[in-house]
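Here is the structure we will look at, set down as structure tokens.
First the proteins, then the strands, lettered A, B, ... as listed; each starts at 1.
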Number of protein chains: 2
Amino acid sequence: MRIRQPRSLTELVVDRLRKAIVEGQFALGENISEDKLAEAFGVSRTPVRDALMQLQQSGLVVVRPKRGSFVFSPTLADVEELCEYRLMLEMQALRLSTARDHAGLVTAIRGAIAAMDAALASGDQYAYGHADAAFHRAAFDHCGNRLVENAYNTAEGQLAAVRTSLSEEYGRPGDASYPEHLQMAEMIAARDMDALAAVMDEHVWRTMRVARKSLPVPEGARRA
Amino acid sequence: MRIRQPRSLTELVVDRLRKAIVEGQFALGENISEDKLAEAFGVSRTPVRDALMQLQQSGLVVVRPKRGSFVFSPTLADVEELCEYRLMLEMQALRLSTARDHAGLVTAIRGAIAAMDAALASGDQYAYGHADAAFHRAAFDHCGNRLVENAYNTAEGQLAAVRTSLSEEYGRPGDASYPEHLQMAEMIAARDMDALAAVMDEHVWRTMRVARKSLPVPEGARRA
DNA sequence: CTGTTATATGTAACATGTAACACGTAACAT
DNA sequence: ATGTTACGTGTTACATGTTACATATAACAG
């Protein structure tokens, strides 16, 4: 019988801050000083500072020495690199999980598709997003490489934040999304990696095409 | 005319600690407490603590709450994942840099080969290692994706530490290393990615075969 | 009006004190 | 002998005070 191990304040702050950024409760580039966050969360500056450092390493926060801490604010080029990176990670995860746990992968993928069906049927956009995330996480859950998995976790955080920020202007759920996921699911089941690569490429870069029209593009806010 | 911006204590401690770990001045799994490091470096515990957190995120240090901070101590399975990860990153970097800056890549590669020649001629093992690192870094320097580059930096740190730790038992420079680099250089120049993939695979997994014989394998020290 | 310097303010960097926890060991009961 | 408890030690987690830097603004000189 295991007793609940309370998580450290730092971890709690990290989780809460990440959630806040990903969900768009802070604007991209917004100033978030240690002091204010510490007061807002009712903790001292130390765990907040630790959390900001962690989030900086996962790319969600930029700390400019003596000047302040800010929510990250990627340029268009940054988002491009992010998509490229994510595509590499996901294709690798798909290759690995197909080779190592194809059955588990396919089961998880099918579950995600079913959740998408349900979400579409009930028109629940939030649930659809959740299912979408589960679809893509499936490969990483079964790839057997924690480094690849961790790398995706950080990339996903940034992408999700960008997506949230964009969808506040474009409230679109995306019409091509569902059929593409169906296609991908079939190709995964059939182990057809080449065809899958083509669809994944298209799928991942959709984010870019939306961003291209919406991001303050040229320089954005300055980085570290 | 730019004035030199002094680096923060935290950064200095990070650099020095990373160097110490990579160069094997600490044993894998060794206990390195904040207090002792702070005293040794002549700074307060704060920058040391910050540095340890950063190094934990890059995988070189494991902090076990209330129990202590330790140099990482990968199991055989961890090293396997690391090699797999590194192979993915380097192939991607090679693909990207070949597509985007083939000339720059080839120049850098040739420079590294030349440095290897010189090192072999003078029997300077340290210089050879340096040239080897430069060879592999070339692709990342020219790939145009900072995420891929950063990911390699962290992976390289861990690999270098493992290599150092192993070479203390096996003082081998590796006989197959040089001809393989020559092969890779030619294939890169010829943009023959398929052949390159095969040689890279062989090249990267050599580390594993050495590790397999030497690492305390089954469980190693426990991780976080 | 213009450019320079002084000053005030916000911020993270750093130092240090305190508390809580993990764990080994010895005292003790049985 | 054995299991349990109490306690000492080492360690990080967290709080808070202090310092140094970056920046905006105001005062000032020309």
Side-chain angles (χ1 to χ4, degrees), chain A residues 1-18 21 26-27 29-73 221-224, chain B residues 1-18 21 26-27 29-73 221-224:
Chain A
M1 175 66 165
R2 283 220 134 219
I3 198 71
R4 208 188 101 68
Q5 176 90 350
R7 312 184 65 189
S8 73
L9 280 185
T10 299
E11 285 178 276
L12 293 173
V13 173
V14 166
D15 288 349
R16 194 134 149 209
L17 211 43
R18 179 189 344 250
I21 293 173
F26 296 113
E30 181 172 345
N31 184 319
I32 46 173
S33 80
E34 291 178 2
D35 283 339
K36 291 169 192 162
L37 288 176
E39 193 180 9
F41 289 149
V43 299
S44 83
R45 304 188 317 264
T46 305
V48 172
R49 180 179 168 74
D50 290 346
L52 286 174
M53 271 191 59
Q54 277 186 238
L55 291 173
Q56 177 171 43
Q57 295 209 340
S58 65
L60 287 175
V61 163
V62 176
V63 177
R64 307 202 300 192
K66 311 286 181 120
R67 248 167 296 182
S69 304
F70 305 83
V71 177
F72 83 129
S73 178
R222 193 136 293 97
R223 344 187 73 215
Chain B
M1 175 67 165
R2 282 220 134 217
I3 197 71
R4 207 188 104 68
Q5 175 90 351
R7 314 184 64 190
S8 75
L9 280 184
T10 299
E11 286 177 276
L12 293 174
V13 173
V14 167
D15 288 349
R16 194 133 149 210
L17 211 43
R18 184 196 332 260
I21 293 173
F26 296 112
E30 181 172 345
N31 185 320
I32 46 174
S33 83
E34 290 178 5
D35 282 337
K36 290 169 192 163
L37 289 176
E39 194 180 9
F41 289 150
V43 299
S44 83
R45 306 191 315 267
T46 305
V48 171
R49 181 180 168 73
D50 290 347
L52 286 173
M53 271 191 59
Q54 277 186 239
L55 291 172
Q56 177 170 44
Q57 294 210 340
S58 65
L60 287 175
V61 163
V62 176
V63 176
R64 306 201 302 191
K66 312 283 181 134
R67 248 165 296 181
S69 304
F70 305 83
V71 177
F72 82 130
S73 178
R222 193 132 295 96
R223 341 187 76 216

> Quick one: on DNA chain C, does B/K66 or A/N31 contact a more 5' nucleotide (nearest heavy atom)?
Replying inline: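 Going by which nucleotide is closer to the 5' end, it is A/N31.
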Excluding sequence neighbours, so at least two apart, what forms side-chain contact (heavy atoms from CB on, under 4.5 Å) with [X]?
| X | value |
| --- | --- |
| B/L9 | B/L12, B/V43, B/P47 |
| B/E39 | none |
| A/Q54 | A/T10, A/V14, B/M53, B/Q57 |
| A/R49 | A/E34, B/D50 |

Taking only the side-chain nitrogens and oxygens of [X], find out if one of them lies under 4.0 Å from OP1 or OP2 of [N].
| X | N | value |
| --- | --- | --- |
| A/R49 | C/dA13 | yes |
| B/T10 | C/dA13 | no |
| B/R67 | C/dC23 | yes |

What is the distance, to the nearest angstrom, from the [atom1] atom on [X] to the [atom2] atom on [N]?
| X | N | atom1 | atom2 | answer |
| --- | --- | --- | --- | --- |
| A/D50 | C/dA12 | CG | P | 14 Å |
| B/R64 | D/dG10 | CZ | P | 18 Å |
| A/I32 | C/dT11 | CD1 | P | 12 Å |
| A/R7 | D/dA13 | CZ | P | 14 Å |
| A/F70 | D/dA22 | CZ | C1' | 11 Å |

>> Quick check on contacts: within residues 35-47 of chain B, what sits under 4.0 Å from DNA chain D by heavy-atom distance?
In response: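 The answer is B/D35, B/K36, B/R45.
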>> Which residues pass the side chain to side chain donor-acceptor pair (under 3.5 Å) test with B/D15, not counting sequence neighbours?
In response: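 In terms of side chain to side chain donor-acceptor pair (under 3.5 Å), with neighbours along the sequence ignored, B/D15 is linked to B/R7.
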> In the strands shown, is C/dC21 matched to any nucleotide by a Watson-Crick or G-U wobble pair with both distances under 3.5 Å, and which?
Replying inline: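 Paired with D/dG10.
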>> When you compare the side chain of A/L17 with that of A/L52, does any pair of heavy atoms fall below 4.5 Å?
In response: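 They are in contact (side-chain heavy atoms under 4.5 Å apart), so the answer is yes.
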